[in-house]
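To start, the structure itself, in structure tokens.
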Amino acid sequence: MTSPWRSRPVGIVGLGLIGGSLGLDLQAQGLEVRALVHRASTAERAQERQLASRIALEPSVLADCGLIVLALPLDRLLEPNPELLAALPADAVVTDVGSVKQPIADVWEPLHPRFVASHPMAGTAEAGVEAGIQGLFSGRPWVATPSEHTEANALACVQELAESLGAHWLTCPAAAHDRAVALISHMPVLVSAALLQAADQGGEAADAAALVRQLASSGFADTSRIGGGNPELGSLMARCNRSAVLEALQHYRSQLEELEALVKHEQWSDLERALRQCQGLRPEFL
């Protein structure tokens, strides 16, 4: 049996990494995808890449869509365009892909009766209209944060969307989501950025700036990747999830100070024990 949302066009607002990848995957399933973008240049390139069946600059492109995914930056989700709001069909299920959930739910739940706050935990270091790829969500978590106001049928619709893309579905309270992503997504961006800064400044201080760069290999590439990612996204995550990010940074600082003390006092067996514990922990996060 065809689900109601699959018998109508699917709307995507924004064709960056997440929106573009959604468009490619949904079209591969034979669905009609209508996309709303902000710039004519984006629309032209998205059309060339065939990221959606129909791409427009006017919100009216979303008319008749049964499911609409808001793949917008956090700041534009928290201050939605009135023209976009007016164009959303009242009977459509509307979801977002933002990485902070409580502030978004607070804004959107009063604005649309079938809104579902959700977050696909998938990404790359790329951004913009060139970033979308097929299969981005396969095997990755897709978390929703329903509240007492969330319609059950709308939630089931978003779950079906996620699972049709091969994502692993789960739900949790919005506040719990925001604390968790601060620890495993938002805070690591800043930690990775600090690693890049430390390597740069330390190399200058040791008169070895070129050598530091020449010797950097796969380990440094892995640990510095997200610190060299999208600056706008990293800044927005910290801004929109400030309290949880500060709490996560305090946890990190505490652990780093403990490891530093082991090195300072030459407690090598204790350091090895700590690192062995971390070795055992890592698979649990992967």
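- When side chains are defined from C-beta on, V37 does not count as touching V129, because their heavy atoms never get closer than 4.5 Å.
- Here the CG-CE distance, from D178 to M237, works out to 12.0 Å after rounding to the nearest 0.5 Å.
- Between R6 and the choices E32, E160, Q29, the side-chain hydrogen bond (donor to acceptor under 3.5 Å, both in side chains) rule is met once, by Q29.
- Donor-acceptor pairing under 3.5 Å is recorded for the side chains of T95 and S118.
- For the ring-ring contact (aromatic ring centres under 6.0 Å, His included) test, no residue two or more places apart in sequence or in another chain qualifies with H186.
- Distance check: L62 CG to L88 CG gives 6.5 Å after rounding to the nearest 0.5 Å.
- For residues 129-148, the set of pairs meeting the salt bridge (Lys or Arg N to Asp or Glu O under 4.0 Å) definition, not counting sequence neighbours, comprises R45-E130.
- Within the 4.5 Å cutoff, the side chain of L262 has no heavy atoms near those of the W268 side chain.
- Pairing each heavy atom of A63 with each of P89, the nearest pair is CA-CG, 4.5 Å.
- Legend: residues meeting side-chain hydrogen bond (donor to acceptor under 3.5 Å, both in side chains) with S147, ordered by chain and number and at least two apart, are E109.
- Results of the side-chain contact (heavy atoms from CB on, under 4.5 Å) test with H119 over I104, V97, V181, D96 single out V181 as the only residue that passes.
- Residues satisfying the side chain to side chain contact (heavy atoms under 4.5 Å, CB included) test with P73, not counting sequence neighbours, are D75, R76, L236.
- Residues that satisfy the side chain to side chain contact (heavy atoms under 4.5 Å, CB included) test with V61, not counting sequence neighbours, are R34, L36, R54, A56.
- For residues 11-27, there are no side chain to side chain donor-acceptor pair (under 3.5 Å) pairs, not counting sequence neighbours.
- Taking the side-chain hydrogen bond (donor to acceptor under 3.5 Å, both in side chains) definition, one finds that Q102 meets it with D106, sequence neighbours left out.
- Between the S164 side chain and the L161 main chain, a donor and an acceptor come within less than 3.5 Å of each other.
- No donor-acceptor distance shorter than 3.5 angstrom exists from the side chain of S235 to the backbone of P231, with no hydrogens or angles considered.
- Atom CG of L165 and atom CG of L26 lie 5.5 Å apart (nearest 0.5 Å).
- Applying the salt bridge (Lys or Arg N to Asp or Glu O under 4.0 Å) rule to pairs touching residues 186-207 yields D200-R213, sequence neighbours excluded.
- Minimum heavy-atom separation, A117 to A105: CB-CB, 4.4 Å.
- Partners of E44 according to the side-chain hydrogen bond (donor to acceptor under 3.5 Å, both in side chains) rule, which considers only residues two or more places apart in sequence or in another chain, do not exist here.
- In terms of the side-chain hydrogen bond (donor to acceptor under 3.5 Å, both in side chains) criterion, E247 has no residue partners (sequence neighbours excluded).
- In this model, a donor atom of one side chain and an acceptor atom of the other lie less than 3.5 Å apart for E163 and Q159.
- Of the options V100, V107, L70, a side-chain contact (heavy atoms from CB on, under 4.5 Å) to L77 is made by L70 and by none of the others.
- A side-chain donor-acceptor contact under 3.5 Å links S224 to the backbone of F220.
- Summarising the geometry, atom CD1 belonging to I226 is positioned 7.0 Å from atom OG belonging to S185; distances are rounded to the nearest 0.5 Å.
- L190 has its side chain out of reach of Y252: every pair of non-hydrogen atoms, C-beta onward, lies at least 4.5 Å apart.
- In this structure a side-chain-to-backbone donor-acceptor pair under 3.5 Å is present from H112 to R114.
- By the ring-ring contact (aromatic ring centres under 6.0 Å, His included) test, W5 is found to be paired with no residue, residues two or more places apart in sequence or in another chain being considered.
- Around atom CD of E48, more than 12 heavy atoms belonging to other residues, nucleotides or ligands sit under 6.0 Å away.
- Within the structure, every pair that satisfies the side chain to side chain donor-acceptor pair (under 3.5 Å) test and touches residues 271-286, not counting sequence neighbours, is listed here: D270-R273, E272-R276.
- With values rounded to the nearest 0.5 angstrom, L84 atom CG is found 12.0 Å from H38 atom NE2.
- Between atom CD1 of residue I55 and atom CZ of residue R49 there is a gap of 10.5 Å, rounded to the nearest 0.5 Å.
- Contact detail for L155 and A144: the closest heavy-atom pair is CD1-CB, 3.9 Å.
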